[in-house]
Structures are given as structure tokens and as C-alpha cells.
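FYI, the numbering just counts along the sequence from 1. This is a predicted model, so every value here is computed, not measured.
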Amino acid sequence: MDFVHTVLGAPFFKILHHCSCAETVDPNAKFIIMENDPGVQFDTVWETLTYVDKKDIVASLVDIEQCLLTASFPSYGNLYYKTDVDEKYRSRPLLVPESVLDPAATKKFCICPSVQTSSHEDERGSMDINVVHTPEQYLLSTAEWEAAWIQKHAKNNIHNDPVRFLLDLRQYHSIVPAIVPNDAAAHASVLWHPNLNLGNIFVERHNGPFEI
């Protein structure tokens, strides 16, 4: 959110303070403190809006998505503050060489492995996940990571056959080169909002159209 707000200028919450290392603060908790948003959740007013109001808000959402796409990265993963990660991640370039964004504004950020919940639940939390740089690497590493979990933790029962799953993953490996698009434009590593539902959008209105 900080990157999108400060670097891209998109209407996301401003981060006032954060802590990603619980051991360094009292009461031993990770936290994010954000500015208070003056708007209301979009889903609470949707039914009362006119067609024009809805059209204006949807157009604003498209503008925001286009804004997110202006940042293109050389790797796939998640954005982190450099101060929160190992040294090995800090020296890697954040943006593609042709980026039009100001390097000075992005110098405190870097790309590290994904933090999506499904990658860290239960036994998966102790498994290593690497930063990858191409779509093919991403697809292959996902399968390899899943195979590593199956070999170490999967149980054979009437519903699950680890041997069969590993065979399926090997077959998947063989077709990955064929399913990666040839068009380089489709390979872009960009920002994307994974949960853009009405409850996550705040709108307000002054004297003109609704604003997000």
C-alpha cells in the first residue's frame, strides 16, 4: 500500500507506521497503522446510486488498475521494505530497465518471495520459496514446491495417492513450456489487487462525482 500510495499516487491508504518484527516492540505484535478514510464502503451505497454514479466509480476503478500497471518488475513475488528482509534480497533491481518511475522514490522497496496464505499454512510455513524471474520459472517452481511438500508430508489414503500426484506433477512439468504465452507483453510482472470487492472500496462525494 505504501508503494502504491507514495510512488504511484493511487488513492490507497497512507501508511503512518508499521512493524513487521514482533520481537522489537511491546506488546510483541506485528502491526500496520493507516490513516482513517473519510469515505464509506462502496457496498453500503451501491443500491442507492444512479447509473451515472456507478459508471463514474467503475471508470475510476479502471484508472486505478491502469495506474497499478505502470510499475513493471523483473521478478515475481511480493513487495517488501528493504529494512525488513535479508541482505541477499536488497541488491536486486526493483524495476525493469525501461521503467519510467523515479528510482529515488522506490529505493526503500525490494521484491521477495510471495507471502500468500496458501504458501505458508501448516507444514508449508517451513518450506523455502524463491523469487523467480520468468513465467516458466514461476510455473515450474510452483510444481516443484508442491512435489517437495507431497514427498515430505502427504499421507496415502483412499482419497489421496501421493505417487499419483507426483506423476501428475511430472506430466505438468513437461507441458509448461507449451502453456507459457509467446507474447512477451503477457509475461509482465505487475501489481494487481487480488480482492477488489465492493467492501474493500471506499467512496465519498463532495460537490461533484463520487471519488474513490
Which residue pairs pass the ring pair (Phe, Tyr, Trp, His ring centres under 6.0 Å) test when at least one of the two sits in residues 27-46, sequence neighbours left out?
His17-Phe31, Phe42-Trp46
Taking Ser60 for the side chain and Ile212 for the main chain, is one N or O donor matched with an acceptor at less than 3.5 Å?
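No, the answer is negative, given that no donor and acceptor are paired below the 3.5 Å cut-off.
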Return the [atom1] to [atom2] distance between [X] and [Y], rounded to the nearest 0.5 Å.
X	Y	atom1	atom2	answer
Leu16	Ile32	CG	CD1	11.0 Å
Thr142	Tyr76	OG1	OH	11.5 Å
Met1	Leu79	CE	CG	12.5 Å
Cys112	Tyr80	SG	OH	5.5 Å
Thr83	Phe109	OG1	CZ	10.0 Å
Phe165	Gln151	CZ	CD	14.0 Å

With clusters defined by side-chain heavy atoms of hydrophobic residues (ILVMFWY) lying less than 4.5 Å apart, directly or transitively, does [Y] cluster with [X]?
X	Y	answer
Val176	Leu167	no
Leu61	Leu69	no
Val96	Leu94	no
Val190	Val132	no

Show, in sequence, the C-alpha distance, side-chain angles and deciding distance for Leu95 and Ser72, and conclude whether the side-chain contact (heavy atoms from CB on, under 4.5 Å) test is met.
CA-CA 6 Å; Leu95 302 169; Ser72 188; over 6 Å; no
Compare all side-chain heavy atoms of [X] with those of [Y] and state whether any distance is below 4.5 angstrom.
X	Y	value
Ile64	Pro11	yes
His173	Leu140	yes
His133	Phe73	no
Met34	Lys14	no
Arg92	Ile111	no
Val180	Leu139	yes
Thr106	Phe3	yes
Leu191	Thr70	no

Shortest non-hydrogen contact from [X] toward [Y]:
X	Y	value
His187	Pro181	NE2-O, 2.5 Å
Gly39	Glu204	CA-CB, 4.0 Å
Ser75	Ser189	O-OG, 2.5 Å
Pro93	Pro74	O-CG, 3.4 Å
Tyr138	Ser141	O-OG, 3.0 Å
Asp86	Arg90	O-CG, 3.6 Å

Would you please test Asp102 and Val7 for side-chain contact (heavy atoms from CB on, under 4.5 Å) and show each step?
CA-CA 8 Å; Asp102 180 8; Val7 178; over 6 Å; no
Step through it carefully: locate the ring centre of His18, locate the ring centre of Tyr81, and say whether they are under 6.0 Å apart.
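When the ring centroids of His18 and Tyr81 are compared, they turn out to be within the sub-6.0 Å range.
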Does a salt bridge link Lys108 with Asp2, judged by any charged N lying under 4.0 Å from a carboxylate O?
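Salt bridge flag = yes for Asp2 with Lys108.
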Listed once per pair and sorted, the salt bridge (charged side-chain N to carboxylate O under 4.0 Å, His left out) pairs that draw on residues 51-74, sequence neighbours left out:
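The answer is Asp53-Arg205.
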Among residues two or more places apart or on two chains, list those pairs meeting salt bridge (charged side-chain N to carboxylate O under 4.0 Å, His left out) that have a residue in residues 165-180.
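Those involving residues 165-180 are Arg164-Asp168.
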From CA spacing to verdict: side-chain contact (heavy atoms from CB on, under 4.5 Å), Trp149, Glu144
CA-CA 9 Å; Trp149 181 89; Glu144 292 165 356; over 6 Å; no
Please walk me through it: do Phe202 and Gln41 pass side-chain contact (heavy atoms from CB on, under 4.5 Å)?
CA-CA 4 Å; Phe202 286 75; Gln41 287 179 293; 3.7 Å; yes
